[in-house]
Number of protein chains: 2
Amino acid sequence: MMFSTELALQECVICKKTENLGFNYGVLTCGACKMFFHRVIFTKKVESYCKYNQNCTSKCRHCRFQRCIQNGMLYTPIENLLNANNQDMLSALIFNLSCLDSNRRDKLFSYHLIGDPTIYELAKAGSLKLEERPADYRMDVMEWGYISGIISVDYMYKLPFIKSLEVDDRAVIFRYCYFYLSLLSDSLRAFNSKKAFICFPDGTEVVKLNSPGVTKYFENKIRCRLAGRVNELNITNEEISLLSVILICNPALPNLSSSAKILLASYQKIYTTALLQYCLLTYQKTGPSRFADLLSLFQVVIKTRQDISHHFVICQLNGPPACLKKLFWS
Amino acid sequence: MMFSTELALQECVICKKTENLGFNYGVLTCGACKMFFHRVIFTKKVESYCKYNQNCTSKCRHCRFQRCIQNGMLYTPIENLLNANNQDMLSALIFNLSCLDSNRRDKLFSYHLIGDPTIYELAKAGSLKLEERPADYRMDVMEWGYISGIISVDYMYKLPFIKSLEVDDRAVIFRYCYFYLSLLSDSLRAFNSKKAFICFPDGTEVVKLNSPGVTKYFENKIRCRLAGRVNELNITNEEISLLSVILICNPALPNLSSSAKILLASYQKIYTTALLQYCLLTYQKTGPSRFADLLSLFQVVIKTRQDISHHFVICQLNGPPACLKKLFWS
DNA sequence: AAATAAGGTCACCAGGTCAC
DNA sequence: GTGACCTGGTGACCTTATTT
């Protein structure tokens, strides 16, 4: 929009070429990179690693596709996903989302964002410039919480419709979603590593255990409620991917502008339809109930967040005050 | 570019056939010659001389391959050269480049270009029409300098990506590189003939010795600095081949268009990776430092060119004015 | 009507195969 | 060894749908 008059001065964010530009899949790219992205998500033929090993040229398909994901290219199916003919659209969408997730997973291990930004500052920035964590970076509960929150924000920025919102609307969404998204991703990690409780990648607990003033039972509820439910459900990566996007597309959030509400509602429709269709295809007759079970996970996530906040407040009252990043209270 | 619309009217530059044409390895050829070239550079099975001696038929593999090289067919590896599986790509590339070098060596002995073209005219020409030197052709420093410069330009024209550039960009590259390329090739010749100084093939010095106004020490520095370093390093033909191409792929040259910069940067990456991989394979543990040593040769080459220019200016001031070909000042 | 971003088509080139 | 033929990825160019 703001670009359209200056298109000639811009370049493809994937390959830096300046000819044949346009907004394709939400990102300013050349026609060649548009076709490349389309082909990859519809045929899924892309190497899962970089053959070039750090010394990559523009010809490497893996890295070219990583740049597409990193820059937020996202396929949005427009036709009715419930139509059986459109199954390849559904799988293209799911593949695309699962790439976002693996991008997110990679970053959680080794990236961070310097500083202590407020939510509004994050929303105003337009995108995040994450950096690699130094090798000796000391991680604790607070740092893990901060970094997973930041990476959830980075994740939301990968959705073109989030970028197209006004700053105020984006701030509302970020504030509401960052914690839930982190929890969803924590729960998938717990399931994949066959753990009955959620924790950070290095094993750090999500709350400080044995804190004064809280019962063991309460701490265990925080650690296990969500992981237990996810394990019961035998959740898939694809389901968590779709649930994450659906969570973000919540037009019912307070203080959203009416245009944002309309936009989010339309995307919510697309992604809930996609999840339903995924359930119908994967679970056949039990698809509808599966769909309901998955959506009910939101309640568990919300409850877990409440408990973690609660736990933190109790710790603050009973122990030495901790320094809290602005992300958590701005 | 200009060919694509008239492909039907064209012919294979190797064998003159008109069917099954395409731009293969940067040159308009038929499919058969494409396969022939590919086979030769990947298996290196080609006679080093022409069995038919001047009376060659189209069946001679040696002469067919010479036509491929002469017309600028060049293999460009796109996969990862650092991958051990792709070692045959590296050796194909190196073999291809060494053929360019030997083509260049042959021409230096017996070819020339009539006239006194400017750099821009050379860049605009699209290719050079070299001719055999008459048997009684008198060679002196100036003539040798001119001819090696011209042959360096001819060498650059053998690289398809140079041909694909705009005239202005090509002129920038020619102006910057022709002298350095000649010096690199002079230094290899010095090493191969076990000389401690650089000189032209017939023994002519690269600068007029005992010129008034310059010290013996300065003249000796010009003659020996580069040759000395190359002898110290025990340089190989392959290394000079790769260094020559890397020198040409310099996206940092002033006044290049942005598209030329992008193009050159991508080729620079390919060829520096190839050189690094060559060093790692050939020198094992000392490969990385060898790589650094080789790249540092550029500094010696640059210094030598400066000194030669300097020397020439001093001679001009102190002696009778020499007639200078436009190549050197256009 | 004009502009935009989807998707479709097809000629193109690198490389592989195989009968000759 | 040769070259016709095939394959897979590519990108210029075209059509279509939608918005303004």
Side-chain angles (χ1 to χ4, degrees), chain A residues 1-5 7-8 10 12 14-15 17 19-47 51 58-62 64-65 68 73-80 85-86 88-89 92-93 96 160-161 164 263 266 270, chain B residues 1 3-8 10 12 14-15 17 19-47 51 57-62 64-65 68 73-79 85-86 88-89 92-93 96 160-161 164 270:
Chain A
M1 196 163 301
M2 60 164 290
F3 295 105
S4 54
T5 55
L7 257 177
Q10 303 284 326
C12 169
I14 309 300
C15 72
K17 272 194 200 127
E19 306 100 43
N20 196 11
L21 296 181
F23 271 88
N24 300 304
Y25 304 100
V27 172
L28 183 66
T29 74
C30 67
C33 289
K34 173 185 87 169
M35 278 308 295
F36 171 77
F37 180 77
H38 183 270
R39 266 194 294 264
V40 172
I41 65 161
F42 273 86
T43 64
K44 298 195 191 42
K45 294 266 164 57
V46 73
E47 305 79 6
K51 291 186 282 187
S58 55
K59 284 287 174 194
C60 167
R61 301 185 76 244
H62 171 82
R64 188 178 184 185
F65 185 62
C68 293
M73 289 183 86
L74 185 74
Y75 166 68
T76 307
I78 35 169
E79 303 282 327
N80 183 4
N85 302 339
N86 295 332
D88 47 352
M89 290 184 179
L93 169 69
N96 195 169
F161 61 86
S164 75
L263 189 81
S266 69
I270 292 169
Chain B
M1 197 168 300
F3 294 105
S4 55
T5 55
E6 323 173 9
L7 255 175
Q10 303 283 326
C12 171
I14 310 299
C15 72
K17 268 188 206 139
E19 308 98 46
N20 195 10
L21 296 182
F23 272 89
N24 300 304
Y25 303 99
V27 171
L28 183 67
T29 73
C30 67
C33 289
K34 173 186 87 169
M35 278 309 296
F36 171 77
F37 180 77
H38 182 270
R39 265 193 297 264
V40 172
I41 66 161
F42 272 84
T43 63
K44 298 192 192 46
K45 297 263 166 59
V46 73
E47 304 77 8
K51 292 184 281 189
T57 70
S58 58
K59 281 287 170 196
C60 168
R61 301 186 76 244
H62 172 82
R64 188 182 186 183
F65 184 62
C68 293
M73 290 183 85
L74 184 74
Y75 166 67
T76 307
I78 36 169
E79 302 283 328
N85 302 338
N86 294 331
D88 47 353
M89 291 184 179
L93 169 69
N96 195 171
F161 61 87
S164 76
I270 292 170

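The sequence lines fix the lettering, A, B, ..., with proteins before strands; numbering per chain opens at 1.
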Could you give the distance from CG (B:N96) to OG1 (B:T76), rounded to the nearest 0.5 Å? 8.0 Å

With the side chain of B:N24 defined as its heavy atoms from C-beta on, choose the nearest nucleotide among C:dA14, C:dG8, C:dG16. C:dA14

Nucleotide D:dG3, atom C1' - distance to CZ of B:R61 in whole Å: 13 Å

Using the side chain to side chain contact (heavy atoms under 4.5 Å, CB included) rule, take A:I14 and A:M73 through it: C-alpha gap first, then chi angles, then the decisive distance, then the call. CA-CA 10 Å; A:I14 309 300; A:M73 289 183 86; 4.1 Å; yes

Between B:V40 and B:R61, does a side chain to side chain contact (heavy atoms under 4.5 Å, CB included) hold up when you go through it step by step? CA-CA 9 Å; B:V40 172; B:R61 301 186 76 244; 3.8 Å; yes

Value for CG (A:L74) from OH (A:Y25), rounded to nearest 0.5 Å, stands at 11.0 Å

Distance in angstrom units between B:F65 CZ and D:dT2 C1', rounded: 17 Å

Rounded interatomic separation in angstrom, taking NE2 from B:H38 and P from C:dT17: 11 Å

Take atom CZ of A:F37 and atom C1' of C:dG7, then tell me their distance rounded to the nearest Å. 14 Å

Would you say that B:E19 contacts B:C30 through its side chain, given a criterion of any heavy-atom pair below 4.5 Å between the two side chains? no

Polar atoms only, N or O, under 3.5 Å: list the protein pairs with nucleotides 12-20 of chain D and their distances.
none

Can you tell me which nucleotide in D:dG1, C:dG15, C:dA6 comes closest to the side chain of A:Y25? C:dA6

Any side-chain N or O of A:R64 less than 4.0 Å from the OP1 or OP2 oxygen of D:dG11? yes

Whole angstrom value for the distance that separates C1' of C:dA6 from CZ of A:F42: 10 Å

Complementary nucleotide for C:dC20 - Watson-Crick or wobble, under 3.5 Å: D:dG1

OP1 or OP2 of C:dG15 sitting under 4.0 Å from any side-chain N/O of B:Y75? yes

B:H62 NE2 to D:dG1 C1': how many Å, rounded? 18 Å

Can the ring centroids of A:F37 and A:Y75 be said to lie less than 6.0 angstrom from one another? no

Can you measure B:F23 atom CZ to C:dA11 atom P for me and round it to whole angstrom units? 18 Å

Non-hydrogen side-chain atoms of A:C15 and A:R64 separated by less than 4.5 Å: no

Measure the distance from CZ on B:F36 to P on C:dA14 and round it to the nearest whole Å. 17 Å

